[in-house]
> 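Once you've had a glance at the structure underneath, I'll fire off some questions.
Reminder, nothing fancy here: chain letters follow the sequence lines and each chain counts from 1.
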Protein chains: 2
Amino acid sequence: MNVKFNNRDPVYVQVIRLFKEQIARGYFEPGQEIPSRRELANQLKINPNTAQRAYKEMEEQGLVFTEGNMPSRITKDEAVLKRVREELIVEAVENFIGSIKTINVPLSEVLELVKEKYDTESGEEEGSE
Amino acid sequence: MNVKFNNRDPVYVQVIRLFKEQIARGYFEPGQEIPSRRELANQLKINPNTAQRAYKEMEEQGLVFTEGNMPSRITKDEAVLKRVREELIVEAVENFIGSIKTINVPLSEVLELVKEKYDTESGEEEGSE
DNA sequence: AAAGGTGTATTAAGTATATAATACACCTCG
DNA sequence: CGAGGTGTATTATATACTTAATACACCTTT
């Protein structure tokens with residue numbers, strides 16, 4: 001796994017974000033197993049306790065669930081999964097609007113910029129490391 | 001002054017951001033005096049040391065300068081001020097594109113959302129707390 | 001000269017995050 | 001049965017950020 005963490009946000013928050021993005025992209029099936037805390041920690045090169053904290057919060061948010069001592073799973077509630085995607089989109093849009101309003105830029109101007117930039121970096125993954 | 005800080009980012013980072021936004025909006029004249037560390041701390045209800053840290057970083061970035069023991073001032077270099085605005089815009093655009101790409105949303109779809117939301121909250125301030 | 005406002009610097013304490021090292025109960029698998 | 005993998009919990013240490021309390025040199029104003 002090839003994940004880059006920034007040093008601004010807590011790692012466990014970034015891990016949650018990572019799972020939400022994958023959910024939004026339809027990467028997970030409802031009820032699908034996710035890596036154990038220890039395995040995730042190994043994959044992401046983080047501490048098992050940090051992985052545990054991320055999973056615990058995701059459980060509180062209803063994104064994953066755990067039965068007995070079985071591996072945790074993505075929720076089977078498809079409405080929840082769908083809502084994750086919508087929330088991420090709304091969040092992105094609101095952040096963007098908030099930013100350009102505080103800077104006081106005409107909307108048409110930035111929309112042009114968005115279209116240009118979007119096509120420029122048309123792909124998004126090119127992980128070679 | 002009515003500034004709301006979040007608890008995610010360091011306060012001194014948010015203070016820098018605040019100044020950059022005001023610069024981007026043309027709020028400051030080149031060479032204009034800015035509040036002293038103690039006064040800013042008083043206005044924003046933060047610690048003078050935190051204000052000092054923000055000012056120090058802004059000096060390192062060339063945004064403000066200090067002569068002798070006079071009050072610090074916004075740089076007189078208009079090119080620098082102009083660049084601040086451009087950088088904030090580019091940053092907003094890139095963040096936005098990055099977000100919607102990781103979520104895998106068609107561009108046309110979110111652009112519609114942006115237009116709708118932008119008009120909805122046509123004003124921007126409604127702080128009551 | 002004295003007072004007070006600049007910027008600047010230092011030291012200490014508190015909180016949140018991350019890591020580390022364990023520990024334990026539970027269940028499955030061999 | 002026993003080993004090993006689950007989730008879960010506890011305790012300790014390190015670091016970054018924030019606040020706090022001072023301190024000092026410099027300059028202007030009175």
> Using side-chain heavy atoms (C-beta onward) and a distance below 4.5 Å, is Leu111(B) in contact with Lys115(A)?
yes

> Is any side-chain nitrogen or oxygen of Arg37(B) closer than 4.0 Å to OP1 or OP2 of dT6(C)?
no

> To the nearest Å, how far apart are Glu57(A) CD and dT17(C) C1'?
13 Å

> Test of understanding: with side-chain hydrogen bond (donor to acceptor under 3.5 Å, both in side chains), list the residues that count as partners of Glu112(A), not counting sequence neighbours.
none

> Distance check needed: dC17(D) C1' versus Ile16(B) CD1, whole Å only.
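Checked: the CD1 to C1' distance equals 13 Å.
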
> Can you list the residues that meet the side-chain hydrogen bond (donor to acceptor under 3.5 Å, both in side chains) rule with Asn69(B), with sequence neighbours excluded?
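By the side-chain hydrogen bond (donor to acceptor under 3.5 Å, both in side chains) rule, Asn69(B) matches no residue at all.
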
> What pairs of nitrogen or oxygen atoms, one from the protein and one from nucleotides 1-5 of chain C, lie under 3.5 Å apart?
| unit_1 | atom_1 | unit_2 | atom_2 | d |
| --- | --- | --- | --- | --- |
| dG5(C) | N2 | Asn69(B) | ND2 | 3.0 |

> So what does Glu33(A) hit on the nucleic acid, given a heavy-atom distance under 4.0 Å: a base, only sugar-phosphate, or nothing?
nothing

> Between atom CZ in Arg73(A) and atom P in dT6(D), what is the gap in whole Å?
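Going from CZ in Arg73(A) over to P in dT6(D) covers 13 Å.
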
> Using a cut-off of 4.0 Å on non-hydrogen atoms, how would the nucleic acid contact of Glu59(B) be classed: base, sugar-phosphate, or nothing?
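If one applies the 4.0 Å heavy-atom cut-off, Glu59(B) turns out to touch the sugar-phosphate alone, with no base involved.
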
> Once salt bridge (Lys or Arg N to Asp or Glu O under 4.0 Å) is applied, do any residues pair with Glu29(A), and if so which ones, sequence neighbours excluded?
none

> Quick one: side-chain hydrogen bond (donor to acceptor under 3.5 Å, both in side chains) partners of Glu39(B), sequence neighbours excluded?
Gln43(B)

> Pull out every residue in residues 60-67 of chain B that has a heavy atom closer than 4.0 Å to any atom of DNA chain D, ordered by number, or say none.
none

> If a pair satisfies ring pair (Phe, Tyr, Trp, His ring centres under 6.0 Å) and one of its residues is in residues 76-95 of chain B, list it, with sequence neighbours excluded.
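Counting only pairs at least two positions apart or across chains, no ring pair (Phe, Tyr, Trp, His ring centres under 6.0 Å) contact touches residues 76-95 of chain B.
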
> Calculate the interatomic distance between Leu40(B) atom CG and dG7(C) atom P; express it in whole Å.
10 Å

> Just how far, in rounded Å, is C1' of dA20(C) from CD1 of Ile46(A)?
14 Å

> Rounded to whole Å, how long is the line connecting atom CG of Asn47(B) with atom P of dA9(C)?
16 Å

> Check residues 82-96 of chain B and write down every donor-acceptor pair under 3.5 Å in which the side-chain atom is one partner and the other belongs to a residue at least two apart or another chain.
| unit_1 | atom_1 | unit_2 | atom_2 | d |
| --- | --- | --- | --- | --- |
| Glu91(B) | OE2 | Arg17(B) | NH1 | 3.0 |
| Glu94(B) | OE2 | Lys117(A) | NZ | 3.1 |
| Asn95(B) | ND2 | Glu91(B) | O | 3.4 |

> Can you find a heavy atom in the side chain of Thr50(A) that is under 4.5 Å from one in the side chain of Leu44(A)?
no

> Between Gln14(A) and Tyr55(B), who's closer to the 5' end of DNA chain C by nearest nucleotide?
Tyr55(B)

> Once salt bridge (charged side-chain N to carboxylate O under 4.0 Å, His left out) is applied, what residue pairs with a partner in residues 51-78 of chain A remain, sequence neighbours excluded?
Glu33(A)-Arg73(A), Arg37(A)-Glu59(A)

> Using a cut-off of under 3.5 Å, enumerate the N/O to N/O pairs linking the protein to nucleotides 10-15 of chain C.
none

> Nearest whole Å is fine: how far is dT19(D) P from Leu44(B) CG?
11 Å

> Applying side-chain hydrogen bond (donor to acceptor under 3.5 Å, both in side chains), can you list everything that pairs with Thr75(A), at least two apart in sequence or on another chain?
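With sequence neighbours excluded, Thr75(A) shows a side-chain hydrogen bond (donor to acceptor under 3.5 Å, both in side chains) to no residue whatsoever.
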
> Checking contacts here: which listed nucleotide (dA20(D), dT19(C), dT8(D)) is nearest the side-chain heavy atoms of Thr50(A)?
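Nucleotide nearest to Thr50(A)'s side chain: dT19(C).
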
> Taking all non-hydrogen atoms of both residues, which atom of Gly62(A) and which atom of Val80(A) are closest, and how far apart?
O-CG1, 3.9 Å

> Round to the nearest Å and state the distance from Gln52(B) atom CD to dC17(D) atom P.
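Computing the Gln52(B):CD to dC17(D):P distance gives 15 Å.
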
> Just N and O in the side chain of Tyr12(A): are any of them under 4.0 Å from OP1 or OP2 of dT17(C)?
yes

> Please list all pairs meeting ring pair (Phe, Tyr, Trp, His ring centres under 6.0 Å) that have one or both residues in residues 45-84 of chain A, counting only residues at least two apart or in different chains.
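Ring pair (Phe, Tyr, Trp, His ring centres under 6.0 Å) check on residues 45-84 of chain A returns Phe19(A)-Tyr55(A).
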
